[in-house]
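Down below is the structure, laid out as structure tokens.
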Protein chains: 2
Amino acid sequence: MDPHLLRTFVAVARLASFSGAARELGYTQSAVSQHIAALEGDLRAELLTRRPVAPTAAGVRLLEHAGPLLLRLDAARADVLRLAAAPPGRVTLAASPLAVGPRLLAALPATGVTLRVLPPAEVPAAVATGGCDLGLVDGPAAPSDPLRLPDVAPLTVTGAGEEELAVLLPEGHPFAGRAAVRLDDLADARWIDAPGIGLPLTAARASVRYEGTDLLALCALAAAGHGLVLLPRRVAEAAGAGVAVPLSAPRLVHRTELLSPGAPTGAAAALAARLTAGSPV
Amino acid sequence: MDPHLLRTFVAVARLASFSGAARELGYTQSAVSQHIAALEGDLRAELLTRRPVAPTAAGVRLLEHAGPLLLRLDAARADVLRLAAAPPGRVTLAASPLAVGPRLLAALPATGVTLRVLPPAEVPAAVATGGCDLGLVDGPAAPSDPLRLPDVAPLTVTGAGEEELAVLLPEGHPFAGRAAVRLDDLADARWIDAPGIGLPLTAARASVRYEGTDLLALCALAAAGHGLVLLPRRVAEAAGAGVAVPLSAPRLVHRTELLSPGAPTGAAAALAARLTAGSPV
DNA sequence: GATGCTTACGCGATTCGTAAAGATC
DNA sequence: GATCTTTACGAATCGCGTAAGCATC
């Protein structure tokens with residue numbers, strides 16, 4: 001179960017080709033073949049069918065493990081390397097789209113910060129594997145409850161604010177005039193699934209899927225009646241189109257959390273302090 | 001970052017000795033020294049101080065990563081190996097103490113099951129690394145919310161019941177006559193921290209710490225006035241000593257969940273079905 | 001017959017153990 | 001001087017590439 005073998009295995013499975021994986025990894029076909037043979041011998045199970053190349057049941061199972069495993073390995077490596085490297089003057093901050101709010105804008109110093117907007121699911125990995133010094137993720141949560149984040153690595157999590165939630169409805173929607181809505185009332189509604197932006201509460205019933213991290217585009221879709229979106233009230237009201245109706249039940253808030261690998265140092269620590277100043281948790 | 005090197009590193013750090021780790025792992029001192037040197041060279045950082053042998057800051061950081069990493073690796077290995085092995089007639093079920101309730105007792109078939117009671121924190125690892133075919137964990141949660149489990153491996157989680165919670169008070173406690181208590185009312189009370197049994201809600205304020213998985217002993221401690229314990233109401237009332245007072249706020253329940261690596265098969269599947277029959281989630 | 005995976009074989013690199021040297025208490 | 005880590009060196013092994021073999025489309 002050498003990580004190299006595992007990496008080769010996932011490449012072969014993804015590309016459905018030994019020779020393709022060899023090209024990608026800079027090996028020869030032969031080496032790739034030997035890698036897979038070594039894995040199969042070690043685990044005493046056939047992991048791939050050849051011709052066509054596809055994972056077997058055991059292979060699928062191994063793939064489920066391999067991804068997080070390799071991610072953690074990279075994270076560990078990057079984390080220790082970063083610790084050894086000199087603390088940079090320039091700070092890189094990863095943030096999910098909905099985490100970019102007034103608090104962040106106020107906390108940013110004049111210079112020396114790079115802001116990288118990513119889908120929320122990728123922020124923890126970006127911080128863990130070292131591309132970024134700090135991360136801001138957001139998501140729905142019960143008041144003062146922490147978010148449920150994938151634990152790719154032992155990250156330090158700090159609360160960085162909670163906001164009211166609202167549903168963005170198209171003009172003329174039956175509920176558009178209401179002062180508040182319950183999620184139950186919208187049980188049969190069509191939702192937009194936007195994994196790049198967040199709040200995957202209702203992915204199962206989603207009819208439209210939006211891939212990307214542009215809030216404006218998502219709001220436009222919602223305002224045009226292609227489906228509903230759950231957003232921080234502040235964002236929904238600033239959308240410029242559609243009607244924002246606050247959510248009254250269940251009692252959920254839009255929560256933002258700051259991620260850092262270990263305790264931040266230097267310029268990152270200063271930014272982290274400003275981001276979490278006066279935080280509810 | 002070969003896992004072998006990592007394993008050696010954690011052994012050296014744990015034993016604070018190169019030669020000790022060598023003995024434990026079946027290497028020579030020399031090999032261990034070379035392992036550490038290889039790691040340090042790879043990560044370009046000193047990981048251990050020698051004489052005395054202790055992890056440096058970078059070493060501590062690496063240790064935080066190494067544990068979960070090696071656990072996941074073992075889990076992946078065990079999982080695929082188990083898939084390849086013939087499905088055993090005998091099923092091993094890991095369960096935390098509070099998960100052993102009437103539901104489990106009713107679901108057990110007459111023969112062919114081994115029940116292993118472990119601290120809740122160890123159940124996921126036991127299932128993942130293959131010692132057990134199924135696992136039952138418990139913990140406090142908001143109604144119909146899933147438990148927060150460490151994700152050592154991609155396990156299948158299924159709800160297996162929710163129960164009311166109660167606080168076990170000693171006789172004569174000021175609140176002993178009440179019909180219900182709020183957790184806030186007990187904010188200043190002394191609690192017993194029992195990581196082997198669960199519900200680590202208030203570890204920070206705990207005065208007594210109980211290590212072990214015997215419920216009777218814990219209830220005896222609580223009834224004798226050494227501190228309060230939060231338990232499923234059923235357990236608290238059956239304790240035989242002390243007074244059980246249901247919890248009214250916050251709205252928490254005692255939730256039990258079934259863990260299995262992938263979809264269970266054979267005898268394990270039958271047991272899993274009986275354990276989750278009529279489950280609320 | 002073309003494409004693509006497997007197997008045979010040789011070379012270079014890795015890794016371990018033995019043994020001697022060095023460091024610290 | 002005793003204990004413990006590091007370094008030097010040789011032997012076995014491992015891992016990759018070249019090249020030939022084999023199966024499938």
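Throughout, a chain's letter reflects where its sequence line sits, starting with A, and its residues are numbered from 1. All heavy atoms count here, side chains included; hydrogens, waters and symmetry mates do not.
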Send over the distance from B:Leu48 CG to D:dT6 C1', rounded to a whole Å. 14 Å
Using modelled atom types and a 3.5 Å cut-off, is there a donor and acceptor pairing between side-chain atoms of B:Asp133 and backbone atoms of B:Thr92? yes
Short heteroatom pairs, N/O only, protein and nucleotides 10-13 of chain D, under 3.5 Å:
none

Is B:Thr49 reaching over with its side chain to a backbone N or O of B:Pro52, donor-acceptor style, under 3.5 angstrom? yes
Between the protein and nucleotides 15-20 of chain C, are there any N/O to N/O pairs under 3.5 Å, and if so, what are the atom names and distances?
{"unit_1": "C:dC16", "atom_1": "OP1", "unit_2": "B:His35", "atom_2": "NE2", "d": "3.1"}
{"unit_1": "C:dC16", "atom_1": "OP2", "unit_2": "B:His35", "atom_2": "NE2", "d": "3.1"}
{"unit_1": "C:dG17", "atom_1": "OP2", "unit_2": "B:Thr28", "atom_2": "N", "d": "3.2"}
{"unit_1": "C:dG17", "atom_1": "OP2", "unit_2": "B:Thr28", "atom_2": "OG1", "d": "2.9"}
{"unit_1": "C:dG17", "atom_1": "O6", "unit_2": "B:Gln34", "atom_2": "NE2", "d": "3.3"}
{"unit_1": "C:dT18", "atom_1": "O4", "unit_2": "B:Ser30", "atom_2": "OG", "d": "3.1"}

Applying side-chain hydrogen bond (donor to acceptor under 3.5 Å, both in side chains), name anything that partners B:Arg61, two or more places apart in sequence or on another chain. A:Asp79
Under 3.5 Å donor-acceptor, A:Thr8 side chain and A:His4 backbone: yes
Report yes if a side-chain nitrogen or oxygen of B:Ser33 is closer than 4.0 Å to either non-bridging phosphate oxygen (OP1 or OP2) of D:dT6; otherwise report no. yes
Whether A:Asp74 side chain and A:Thr129 backbone form a donor-acceptor pair below 3.5 Å: no
Which ones in residues 7-19 of chain B lie close to DNA chain C, meaning a heavy atom under 4.0 Å from one of its atoms? none
Just do the ring-ring contact (aromatic ring centres under 6.0 Å, His included) check on B:His35 and B:Tyr27 with the steps written out, would you? CA-CA 10 Å; B:His35 278 188; B:Tyr27 287 124; 5.0 Å; yes
To the nearest 0.5 Å, what is the distance between CZ (A:Arg72) and CG (B:Leu70)? 10.5 Å
For B:Thr114, what residues pass the side-chain hydrogen bond (donor to acceptor under 3.5 Å, both in side chains) criterion, not counting sequence neighbours? B:Arg90
Report all interatomic pairs (protein N or O, nucleotide N or O of nucleotides 21-25 of chain D) with separations under 3.5 Å.
{"unit_1": "D:dT24", "atom_1": "O4'", "unit_2": "A:Arg51", "atom_2": "NE", "d": "3.4"}

